[in-house]
Amino acid sequence: MSLVIGVPRETFPGETRVATVPEVVQKLIKQGYAIVVESGAGAASNISDDEYREAGAEVVGSAAEVWAKGDIIFKLRGPNEEEVGLLKEGGTLVSYIWPAQNPQLMEKLAAKKATVLAMDSVPRISRAQKMDALSSQANIAGYRAVIEAANAFGRFFTGQITAAGKVPPAKVFVIGAGVAGLAAIGTAANLGAIVRANDTRKEVADQIISMGGEFIAVDYEEDGAGTGGYAKVMSEEFQKAQRETFAQQAKEVDIIITTALIPGKPAPKLITADMVKSMKPGSVIVDLAAEQGGNCELTVPGEVTTVHGVTIIGYKDLPTRLAKTASTLYATNLFRLSEDLIKTKSVDPAGQGAAAIKMNMEDEVVRGTTVIDQGNVTWPPPAPKLSAAPAQPKPAAAPAPAHGHGPSTTVASPTRVAVMFVFAALLFGLIGFGAPSAFLGHLTVFVLGCFIGYMVVWNVTPALHTPLMSVTNAISSIIVIGALVQVAPPLAGGITRPEMLIKVMAALGIVLTAINMFGGFAVTRRMLDMFRKN
């Protein structure tokens, strides 16, 4: 029997998202799952029951039916007490759980012998990026933060010069350059604002610049990189220097967007009441950390307030304000996770019982995401393994041995180079005496072409080798001209068998070199588009 995925309607107040969408339902069905959706589950995301039915899902009238039929339950928000009671004994639940903040919920789910995968616990490693729901939702939150700021600001983001006067561009300061922060930087820059940003992790400076922002460094040397790609708690000395930097920026900018969070801890207070008071009237603060208490001392979680003429936006539900997009991205994250789960599916040999999921705890992604396995609490997971050994400092180069002693070196001596050139000159001289003049000219061009081509490629940065080689492949296919000459019709008389063979080989050469030419330029264009800002 097929595994049944149940998708109930979200009951959390103000939640407008849904755990799957019709486009993903079709993909899940192709994987072998059966889908059951509660009627009205997608209404707040502008998805009708009919769209789910057309995609192949069964739509039922109540949440109880979904929980009863579903072998796996897909949700966004963690279950409330009533929903925990509806979960099948030994069932599987996939949703946000926040195990560190919800120990009582963990106990209740463990008592149901449930298997629970927490989307907030997906390891922050490269292989798990396709399942990283925190990043996909944070991307939406960063974008929406700029939209909310623009709505409250009451002025253009971009500078304008009109007949009626000049409007200066808005100045935006983004604190924290994680996924949400980078999304905010890119959105504000695209709207024409002057964007500045700060992060405790030095390695993100280049990312800020690439998104169109200016990196504002704190005048204190300390690395803020923590585990899992998050920032860590900084020293008191650093925090003092940071407050001074932020106080200066607060006086100059029009909009501040804060995104600073540390896992398992309340949001750090980065914007003080005095900083808010120093801001220009009409300025805006968007606090993306409001759900964890806020980065601003005056933030009221869930509300918009005005203090000292500054609008402080403390919404806790920014992704839900783009419900359909947020639902689609979250559903895709779950679909990618289901691809791993289907590999561990087992079916009752008699064909009478429902299929079951057995967690592969040897898989680093599944192990990190699984917080309860058949009633056994497995959170916290072990620290993720490093994908590669850290770079070791290069050993000091050994001194070169004296001439004529010790092992040979790979670096050619001036004498050896001179001998090689003399030998090459003599070789070409001998060839020149006996070979036709036309051949000697072609040989000279060939040797020079090889030498110049080698030197050009050898001196290119390794990061550009692939696009460079695709271009050189396309250019080198100029040999197609020679093939075209060979397939040209003869001047007189018929075609001999050797000539026919030559023409066939030339025609084949034209086909292959054409693929090389057009393919090389196409690949190069696609590669360069990856680095081009739209």
Side-chain angles (χ1 to χ4, degrees), residues 3 5 19-20 28 31-33 70-79 84 87-138 178-179 225-230 232 261-265 329-347 355-390:
L3 276 169
I5 294 177
T20 196
L28 290 169
Q31 282 187 335
Y33 294 102
D71 301 306
I72 306 173
I73 300 296
F74 279 181
K75 273 183 59 62
L76 266 148
R77 301 278 185 168
V84 172
L87 179 64
K88 280 183 179 180
E89 190 82 12
T92 300
L93 172 67
V94 185
S95 74
Y96 284 114
I97 298 295
W98 303 108
Q101 291 91 338
N102 295 296
Q104 293 181 347
L105 174 61
M106 292 282 287
E107 291 177 7
K108 293 176 182 177
L109 291 170
K112 296 279 289 188
K113 303 297 182 184
T115 295
V116 181
L117 289 88
M119 294 304 291
D120 49 88
S121 297
V122 173
R124 308 302 287 273
I125 60 176
S126 297
R127 188 165 65 86
Q129 286 181 349
K130 60 185 179 181
M131 311 172 197
D132 191 354
L134 290 178
S135 292
S136 66
Q137 301 303 297
V179 175
T227 59
Y230 293 98
K232 68 176 184 180
L261 284 172
I262 298 173
K265 296 181 180 293
L329 294 181
Y330 183 74
T332 303
N333 295 141
L334 293 180
F335 168 69
R336 295 304 180 189
L337 179 62
S338 72
E339 289 180 321
D340 281 3
L341 295 184
I342 200 72
K343 298 173 185 175
T344 58
K345 182 179 72 170
S346 61
V347 182
I357 287 290
K358 180 175 176 59
M359 294 297 106
N360 177 17
M361 290 303 187
E362 299 299 320
D363 186 297
E364 189 174 9
V365 175
V366 174
R367 174 64 185 88
T369 308
T370 305
V371 295
I372 301 176
D373 183 19
Q374 299 178 350
N376 300 313
V377 177
T378 59
W379 187 88
K385 299 175 184 177
L386 293 176
S387 58

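Remark: Tyr33 OH to Leu28 CG distance equals 7.5 Å, nearest 0.5 Å. To the nearest 0.5 Å, the span separating CH2 on Trp98 from CG on Leu105 amounts to 13.5 Å. Residue Met119 holds its CE atom at 5.0 Å from CG of Asn333, rounded to the nearest 0.5 Å. Taking OG1 from Thr370 and CE from Met361, the interatomic distance works out to 4.5 Å, rounded to the nearest 0.5 Å. To the nearest 0.5 Å, the span separating OG on Ser338 from CE on Met131 amounts to 9.0 Å.
For Ser121, the side chain to side chain contact (heavy atoms under 4.5 Å, CB included) partners are Pro99, Ala118, Val371, Trp379, not counting sequence neighbours. Remark: Tyr330 engages Tyr96 in a ring-ring contact (aromatic ring centres under 6.0 Å, His included) (not counting sequence neighbours). With sequence neighbours excluded, the residues satisfying salt bridge (Lys or Arg N to Asp or Glu O under 4.0 Å) with Arg336 are Glu339. Remark: Glu89 pairs with Lys112, Lys113 by the side chain to side chain contact (heavy atoms under 4.5 Å, CB included) rule, at least two apart or across chains.
Within the structure, salt bridge (Lys or Arg N to Asp or Glu O under 4.0 Å) pairs that include any residue of residues 97-111 comprise Glu81-Lys108 (at least two apart or interchain). Residue pairs that meet the salt bridge (Lys or Arg N to Asp or Glu O under 4.0 Å) test with at least one member in residues 126-136, sequence neighbours left out, are Arg124-Asp132, Arg127-Asp363.
Just one of Asp340, Leu117, Val94, Thr378 meets the side-chain contact (heavy atoms from CB on, under 4.5 Å) condition when paired with Thr369; it is Leu117.
Annotation: side chain of Ile73 is in contact with side chain of Leu87 (closest heavy-atom distance under 4.5 Å). With contacts defined as side-chain heavy-atom distances shorter than 4.5 Å, the pair Leu334/Thr20 does not qualify. A heavy-atom distance below 4.5 Å is not found between the side chains of Asp71 and Thr92.
Among all heavy-atom pairs drawn from Ile372 and Ala114, the shortest one is CG2-O, 3.1 Å. Of all the heavy atoms in Ser95 and Asp120, the pair that sits closest is O-OD2, 4.3 Å.
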